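The block underneath contains the structure these notes are about, expressed in structure tokens.
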2 protein chains.
Amino acid sequence: MNTKENTEPAPRSRGRPRGFDMETALDTGQRLFHAGSYETVGLAALTDALGVKPPSFYKAFGSKSEFFAQVIERYAQSALALDEILLPGRAPADALAELLESAARTYVRDPEQRGCLVLEAARGNDGDASVIHARRVANQRRYRLREFIARTHPERASAVTDFVASTMSGLSASAREGMDESRLLGVARTAVAGLKARLDAD
Amino acid sequence: MNTKENTEPAPRSRGRPRGFDMETALDTGQRLFHAGSYETVGLAALTDALGVKPPSFYKAFGSKSEFFAQVIERYAQSALALDEILLPGRAPADALAELLESAARTYVRDPEQRGCLVLEAARGNDGDASVIHARRVANQRRYRLREFIARTHPERASAVTDFVASTMSGLSASAREGMDESRLLGVARTAVAGLKARLDAD
DNA sequence: TATTTTCTTTAGTGTTCACTATAAAAATCC
DNA sequence: GGATTTTTATAGTGAACACTAAAGAAAATA
């Protein structure tokens, strides 16, 4: 997303160069927000972890909520990449089973990053800027999910998407509350059984 | 829960009488916390809605988090009463189906009280006093659920309880994000299909 | 009536929150 | 080297947070 279309060689802008790497900062922010939440990670904790003073942070990212928006968009692209699971032509029952079981595993992989950063942030009050951002990202993924299912099951796509989305929220919550991987996988597999009944029914 | 066992006549203690009704205050607090969350409802908003000044609030309830603990315990007894659903001798498949469908309906009944107050509060950071209270209440209900299932399905009680608990968290989250009753019921019924497969399997 | 007890009101406490005005430092352009 | 541009550090903004010290007001008891 640079102004020039060539990728790497660094545009070497004019004034004083930035003293920190923005990608590293986003990674650090992701780790903090995922371990805690948008509200529990204050600006002081954030700038301390980044090794950056508040004015530099605001010059680079605008505000805490804009920084958070960038963090969750990055996270959505890296964690549980839908491209690798919703392969064209693949049977939805298979793909969704893998999605739910992968979610179960991913949500407890790192004990300090339990649950889904996006889904956890999507809860909370309606007005919050961080909640609005998170819901937009979550809904983009749900849209892709529905499109994938609609290719083979157009009539059940919405209901199945609702179920998968709701189940993933439940898995994320359970992971946050301390449920371990084997139990979480049990939940995911029971959900898959319901999913298959719904996909194949009638 | 009075000190005397007779119900109404008021013990008429010494000093100046309390200028407000504690039950009404708890109801109001429940409404506020359920519409928002523990963090979003500040003490100022709370005492304003109660028509009570902070010192009176602290004299009566001790602290915000103790007040909240009382609120969610009351809520757990009133909403989705397990006694009426987990009837002794009833088939778990039936009872759990009713529990999940009732949850779906309850979670969107009042558009300003969406989701489950306890389950929503149970999310959030581990250290929080409000989160600890909410998880204790949630786990008490899950214990009763497991005991009920274990009467007929002792080997699957834990897995089924995990699934029901996780599903209810998902339903609560979906309700909070704006899913309407019919969609939520669809999710609940798909979950019930998985539940039955898990209960009757092998 | 005087005393004791309990609650209420007034008016704050210090802490933390996200955020910023100002000016110095480090780079490029002329 | 001087001007320009951009990011830095210093130091602090007002607002909101949960909570409280001190004294006044309303009841029961002595």
Side-chain angles (χ1 to χ4, degrees), chain A residues 2-4 9-26 29 32-33 36-71 121 124-125 127-133, chain B residues 2-4 9-26 29 32-33 36-71 121 124-125 127-133:
Chain A
N2 269 332
T3 49
K4 305 286 179 180
R12 267 284 132 234
S13 62
R14 223 144 85 101
R16 175 171 177 171
R18 181 170 288 121
F20 63 97
D21 181 49
M22 296 188 70
E23 298 296 314
T24 307
L26 287 167
L32 290 180
F33 283 132
S37 65
Y38 180 76
E39 291 84 16
T40 60
V41 180
L43 208 81
L46 208 48
T47 52
D48 280 359
L50 266 45
V52 158
K53 298 286 170 21
S56 300
F57 176 86
Y58 281 91
K59 195 73 190 169
F61 298 108
S63 70
K64 185 188 174 190
S65 79
E66 288 175 76
F67 178 73
F68 183 72
Q70 281 191 250
V71 165
N125 249 235
D128 251 66
S130 63
V131 175
I132 290 167
H133 284 314
Chain B
N2 267 332
T3 49
K4 307 285 179 181
R12 268 282 132 240
S13 62
R14 231 160 91 139
R16 175 172 180 170
R18 183 171 286 119
F20 63 96
D21 181 49
M22 296 188 70
E23 298 296 314
T24 307
L26 287 166
L32 289 180
F33 283 133
S37 65
Y38 180 75
E39 291 85 17
T40 59
V41 180
L43 207 80
L46 208 49
T47 52
D48 280 0
L50 266 46
V52 157
K53 299 283 166 36
S56 301
F57 177 86
Y58 281 92
K59 195 74 192 170
F61 299 107
S63 70
K64 184 189 174 189
S65 79
E66 289 176 76
F67 178 72
F68 184 72
Q70 281 191 250
V71 165
N125 250 234
D128 252 65
S130 64
V131 175
I132 291 168
H133 284 315

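Below, chains carry the letters A, B, ... as their sequence lines are ordered, and counting in each starts from 1. Predicted model, so just to flag it, every value in this text is computed and none were measured.
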From the list C/dT20, C/dA27, D/dC19, which nucleotide is the closest neighbour of the side chain of A/Pro17? C/dA27
Measure the distance from CG on B/Leu50 to P on D/dA18 and round it to the nearest whole Å. 14 Å
Which whole-number value in Å describes the distance from B/Asp21 CG to C/dC7 P? 14 Å
Please work out if B/Phe20 contacts a base, only the sugar-phosphate, or nothing of the nucleic acid, heavy-atom cut-off 4.0 Å. sugar-phosphate
Does B/Ser56 have a side-chain nitrogen or oxygen under 4.0 Å from the phosphate oxygens OP1 or OP2 of C/dC7? no
Determine the contact category for A/Phe67: base if any of its heavy atoms lies under 4.0 Å from a base atom, sugar-phosphate if only primed atoms, P, OP1 or OP2 are that close, otherwise nothing. nothing
With a cut-off of less than 4.0 Å, is there a side-chain N or O of A/Arg16 near OP1 or OP2 of C/dA25? no
B/Tyr58 side chain N/O closer than 4.0 Å to the phosphate oxygens (OP1, OP2) of D/dC19? yes
To the nearest angstrom, the NZ-P distance between B/Lys59 and C/dC7 comes to 6 Å
Which whole-number value in Å describes the distance from A/Phe61 CZ to D/dT7 C1'? 13 Å
Answer yes or no: is there a donor N or O on one side and an acceptor on the other, between the side chain of B/Lys53 and the main chain of B/Asp48, under 3.5 Å? no
From CG of A/Leu46 across to C1' of C/dT16 the rounded distance in Å is 15 Å
Determine: side-chain N/O of A/Arg18 to OP1/OP2 of D/dT7, distance under 4.0 Å, yes or no. yes
For the side chain of A/Leu43, starting at C-beta, report the closest nucleotide among D/dC19, C/dA26, C/dA18. C/dA18
So does B/Lys64 get a side-chain nitrogen or oxygen closer than 4.0 Å to the phosphate oxygens (OP1/OP2) of D/dC19? no
Without decimals, in angstroms, what is the distance between B/Lys53 NZ and D/dA22 C1'? 16 Å
Does any N or O in the side chain of B/Thr40 come within less than 3.5 Å of the main-chain N or O of B/Gly36, such that one atom is a donor and the other an acceptor? no
note: A/Glu66, atom CD; C/dC19, atom C1'; distance rounded to Å ~ 13 Å
A/Ser56 side chain to A/Val52 main-chain N or O, any donor-acceptor pair under 3.5 Å? no
Distance in angstrom units between A/Glu39 CD and C/dT16 P, rounded: 18 Å
Can you tell me how far apart OG (B/Ser37) and CG (B/Leu32) are? Round to the nearest 0.5 Å. 11.0 Å
Can you check whether B/Ser63 has a side-chain N or O nearer than 4.0 Å to OP1 or OP2 of D/dA18? no
Answer yes or no: is there a donor N or O on one side and an acceptor on the other, between the side chain of B/Lys59 and the main chain of B/Pro54, under 3.5 Å? no
D/dT5 base to A/Arg14 side chain: any donor-acceptor pair below 3.5 Å? no
